Each structure stands twice: as structure tokens, then as C-alpha cells.
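Notes for the one structure printed next.
Here the structure is a predicted model, which is why all the values come from computation and not from measurement. Each chain gets a letter, A, B and so on, in the order its sequence line appears, and its residues count up from 1.
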Amino acid sequence: MARGERSEEAWAWYTAVYEAIQEIPYGKVTSYGHIAKLVGKPECPRQVGVCLKHLPSPSTDPSKKSPTWHSGNVPWQRVINARGGISPRGPSGASRQATALRAEGVHVDQGSMGEFTVDFGKFGWFPDVLPSEAGLVESSDEEEEDT
DNA sequence: GATGTGACCGCCC
DNA sequence: CGGGCGGCCACAT
């Protein structure tokens, strides 16, 4: 049955991804894999990238209803690969994303090859679950680990 | 309608 | 320690 309503499944998948990205605090960055895990698909980080690629524009055609998610509301720029590097989807695209991150106060290192990398140790945001879901989950006991 | 690919990640050898 | 491969979902042709 669900197979029939493929569009609905897609909407749920996209929404989950976009919501997870929106949960990323200002000045922080995360990886595709983590977003995928937050949405329940830790083995499907690629689709996360696909979602961002299909991310609608902020001010698209007024004739069409404004999409709930767009590049103006979804900080897709804070989403990078697990290596802390920005996907070279486009030389200018990567640099543009790096610049956007720097504008948010994120320290982005640039390699000799022009590879942009972010220090997850400082700006890496990797919560076990989304704050929204965390509130739903009862925190009976907390796991604290100290070195 | 089917096939291929894609902004990735983790694991195996 | 490094390289290679599979796997997943949705979109495009």
C-alpha cells in the first residue's frame, strides 16, 4: 500500500531531513550521515544530499505555493560530509558554502587543493537524537562519561 | 515503465 | 595504514 503513495513517503523523508537540518544551532555544523541517522536512515546519507539538491528556492514562483522548506529556511550550508569537508559539488559552490559558514562564525580551514574542512571538535554538532525527539523521550538516567 | 545515477558513509581486506 | 565496494531512496531521462 505504502508503495503506491510514493510521494507521501518522499514528503516524510524530505521533511525529516529538513527538520533535522533546521535543528542545527547557529555556528554549528553536522554531517550527512548524522542527519541520515537522525531521520532513521543511518545507512542512507546519500539521500540526504539528494534532498538538499532538490531543496526548493526561498522565493520561487509566486504562482506556486511557498514550500515549507527552502534554502532560506533550511541551513543546508551547515550540512557537510563526515570528514568535515564540503562536497565539491562545484568549485564555487563549495567556496560559497565555506564563506557562508565563516559568516556564521564557523572556522573553516582551506586545504592546499582548495578543500574546505571544518573542525568538528569545535563546531561539530552530533546529538544522539534531535532536541525535539529528546523531549519526547523520557530521560530517566543520563549517561555521563568523563576521561 | 525501467534503468542509472547521485552533494555519502561504514565496513572489509 | 590505505584502498575499494556495497547499500539506500528518490529523481531524471
Check the pair A:Tyr14 / A:Val48 against side-chain contact (heavy atoms from CB on, under 4.5 Å), numbers first and verdict last.
CA-CA 8 Å; A:Tyr14 273 55; A:Val48 177; over 6 Å; no

What integer distance in Å separates A:Arg83:CZ from B:dG10:C1'?
12 Å

Minimum heavy-atom distance between A:Cys44 and A:Ala36, given as atom pair plus value
O-CB, 3.7 Å

Options C:dC8, C:dC11, B:dC8, nucleotide nearest the side-chain atoms of A:Pro45
B:dC8

Whole Å only: how far is the NZ atom of A:Lys41 from the P atom of C:dG7?
16 Å

Which atom pairs, one a donor and one an acceptor, fall under 3.5 Å between side chains of residues 17-35 of chain A and the rest of the protein, sequence neighbours left out?
{"from": "A:Tyr18", "atom 1": "OH", "to": "A:Cys51", "atom 2": "O", "distance (Å)": "2.6"}
{"from": "A:Gln22", "atom 1": "NE2", "to": "A:Asn73", "atom 2": "O", "distance (Å)": "3.0"}
{"from": "A:Tyr26", "atom 1": "OH", "to": "A:Glu104", "atom 2": "O", "distance (Å)": "3.4"}
{"from": "A:Thr30", "atom 1": "OG1", "to": "A:Trp125", "atom 2": "O", "distance (Å)": "3.4"}
{"from": "A:Ser31", "atom 1": "OG", "to": "A:His34", "atom 2": "N", "distance (Å)": "3.4"}
{"from": "A:His34", "atom 1": "NE2", "to": "A:Pro127", "atom 2": "O", "distance (Å)": "2.7"}

Rounded to the Å, how far apart are A:Ile21 CD1 and B:dC8 C1'?
13 Å

If the C1' atom of B:dA7 is compared with that of C:dG3, how far apart are they to the nearest Å?
22 Å

Residue pair A:Phe120 / A:Asn81: nearest heavy atoms and the distance that separates them:
CZ-O, 3.5 Å

Rounded off to whole Å, could you give me the CZ-to-C1' distance for the A:Phe126 and B:dG10 pair?
15 Å

Drop me the distance from A:Leu101's CG to A:Arg96's CZ, to the nearest 0.5 angstrom.
11.0 Å

Which atoms of nucleotides 3-7 of chain B (N or O only) lie under 3.5 Å from a protein N or O atom, and what are those distances?
{"from": "B:dG6", "atom 1": "N7", "to": "A:Arg46", "atom 2": "NH2", "distance (Å)": "2.4"}
{"from": "B:dA7", "atom 1": "N6", "to": "A:Leu52", "atom 2": "O", "distance (Å)": "2.7"}
{"from": "B:dA7", "atom 1": "N6", "to": "A:Lys53", "atom 2": "N", "distance (Å)": "2.7"}
{"from": "B:dA7", "atom 1": "N3", "to": "A:Tyr32", "atom 2": "OH", "distance (Å)": "3.3"}

Rounding to 0.5 Å, atoms CD (A:Gln97) and CZ (A:Arg78) come to a distance of 11.5 Å

